[in-house]
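Here the structure is laid out as structure tokens; the discussion comes afterwards.
Chain letters run A, B, ... following the sequence lines, proteins first, then strands; residues in each count from 1. We use all heavy atoms of the structure for the numbers below, so side chains are in, but hydrogens, waters and symmetry mates are not. What you are looking at is a predicted structure, and each value in this text was computed from that prediction instead of being measured.
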Number of protein chains: 2
Amino acid sequence: MPEEKTKEVVRQKLTQYLEAKKLRKTPERYAILDKIYSTNEHFDVDSLYDFMVNSKYRVSKATVYNSIDLFVDAGLVRKHQFGNNPAQYEKSYNTVNHHHLICTRCGKVQEVKDQEIIDILSNKKFGKFTASYYSLYVYGVCNRCAQAEKKKKQTVRK
Amino acid sequence: MPEEKTKEVVRQKLTQYLEAKKLRKTPERYAILDKIYSTNEHFDVDSLYDFMVNSKYRVSKATVYNSIDLFVDAGLVRKHQFGNNPAQYEKSYNTVNHHHLICTRCGKVQEVKDQEIIDILSNKKFGKFTASYYSLYVYGVCNRCAQAEKKKKQTVRK
DNA sequence: TTTACTGCAAATATTTTGCAATATC
DNA sequence: GATATTGCAAAATATTTGCAGTAAA
């Protein structure tokens, strides 16, 4: 789906959500959602705020926090806390299901897709708990850090 | 494995880790590790700190933070950030592998065990990334909250 | 017209850091 | 004796809150 089409759909989804919850359709909320759907990366509140300001759209940080919470509740954005603050977010509508590899040395987060895991998880039932989505974090050491460590050990050996 | 035996083993593991990294074997580190392995619950830094103080073992909060980081790196403790601060921790040695169901309404965290998921994940390879452990968070609505919501809707209908 | 929402600033909460004193190696 | 670690306090970071003004319904 092209980006513009996706944005249109999520705008509609936001409208539905706001009406269902009897909340107001403020321009800030639509502007922030639009910015979120203009990127494919993970982001935190601060960088989203900067992005808004640089795009000549002034909002307060409080409103960014408030809106993001709303989007998470509406299922349009996912929140992640990969062990280090600040919280990271990503758009979730029409986004390929994926998992996260988190390097415990350098903190780098890498996305991976694994159909087998996705299939298993999406068919899983957990008793009376109604699952809406999954976050799988795989912690370990990325290739770059593993190489660096190896090199270091060799140096020590000398 | 009885609790005392487990504590003994993790003490040894900590010793190995500290020696390998050429760090010091301070009484604080062993005392904190011991307290962590005296509970089966998730905990945060504050409650662990209180637990230490109430047990007449005075440590500073900075030392608690410092030590926990060490334990996480040593693989003796797992860190979780379930969407709300503060970070939650749990002991990891000799602990049954499990996943977390997190209610997005009330924030309650429930543990579940699913052998199929465990098997799949522990055999999975992610390219050159060396995985050490997994965190699977299932977000959704717990039974209690689902019931409460149902009831509310019925009331509104009247 | 009502009141939810915004922006701003202050408050709170969490974690990190600097530094002098102490204890491990 | 050298220096990693501790405790304490202050600083940095992240998020929430109170309130007056604004704007959506």
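Using a 4.0 Å heavy-atom criterion, one finds that A:Val59 contacts the sugar-phosphate atoms exclusively. Residue contacts shown for A:Asn66 are limited to sugar-phosphate atoms, with no base heavy atom under 4.0 Å away. A:Lys25 comes within 4.0 angstrom of sugar-phosphate atoms only, judged by non-hydrogen atoms across all strands, and of no base.
In this model, the phosphate group of D:dG7 is approached by a side-chain N or O of B:Thr63 to a distance below 4.0 Å at OP1 or OP2.
B:Asp69 places its CG atom 10 Å from the P atom of C:dT15, with the value rounded to the nearest Å. When the C1' atom of C:dT22 is taken as reference, atom CD of B:Glu28 falls 10 Å away, rounded to whole Å. Rounded to whole Å, the distance from NZ on B:Lys61 to P on C:dA13 is 11 Å. Rounded to a whole Å, the CG atom of A:Leu23 is 14 Å from the C1' atom of C:dT6. Distance A:Gln81 CD to C:dT14 P: 12 Å, rounded to the nearest Å. We find that NZ of B:Lys79 is positioned 13 Å from P of C:dT14, with the value rounded to whole Å. C:dC5 atom P lies 12 Å from atom NZ of A:Lys21, rounded to whole Å. Across the protein-nucleic acid pair, A:Asp50 atom CG and D:dT13 atom P stand 14 Å apart, rounded to whole Å.
A:Val141 and A:Phe82 fall into different hydrophobic clusters, where Ile, Leu, Val, Met, Phe, Trp and Tyr residues are linked whenever their side-chain heavy atoms come under 4.5 Å apart, directly or through other members. No chain of hydrophobic side-chain contacts below 4.5 Å, direct or via other Ile, Leu, Val, Met, Phe, Trp or Tyr residues, connects B:Ile68 to A:Tyr139.
For B:Ser67, the side-chain atoms get nearest to D:dT6 when compared with the rest of D:dT6, D:dT15, D:dG7. Taking only side-chain atoms of A:Arg29, from C-beta outward, the nucleotide of C:dC5, D:dT5, D:dG7 with the closest atom is C:dC5. Residue B:Pro86 has its side chain nearest to C:dT14 when only D:dT5, C:dT14, C:dG7 are considered. Nearest to the side-chain atoms of B:Arg58 among the listed nucleotides C:dC5, C:dT14, D:dC8 stands D:dC8.
In terms of polar N and O atoms assigned as donor or acceptor, the side chain of B:Arg24 comes within less than 3.5 Å of the base of D:dT3 in a complementary pairing.
Salt bridge status for A:Glu8 with A:Lys5: absent, with no side-chain N to carboxylate O gap under 4.0 Å.
Of the residues near DNA chain D, B:Lys22 and B:Tyr49, the one whose nearest nucleotide (by heavy atom distance) lies more toward the 5' end is B:Lys22. Comparing B:Leu18 and B:Ala62 by the nucleotide of DNA chain D whose heavy atom lies nearest to each, the residue mapping closer to the 5' end is B:Leu18. With DNA chain C read from its 5' end, the first of the two nearest nucleotides for B:Thr26 and B:Val45 is the one closest to B:Val45.
Figure legend: B:Lys7 and B:Tyr37 shown without cation-pi pairing, the cationic atom not lying both under 6.0 angstrom from the six-membered ring centre and within 45 degrees of its axis.
Using bins of under 30°, 30° to 60° and over 60° for the plane-to-plane angle, the ring pair A:Tyr137/B:Tyr137 lands in the perpendicular bin.
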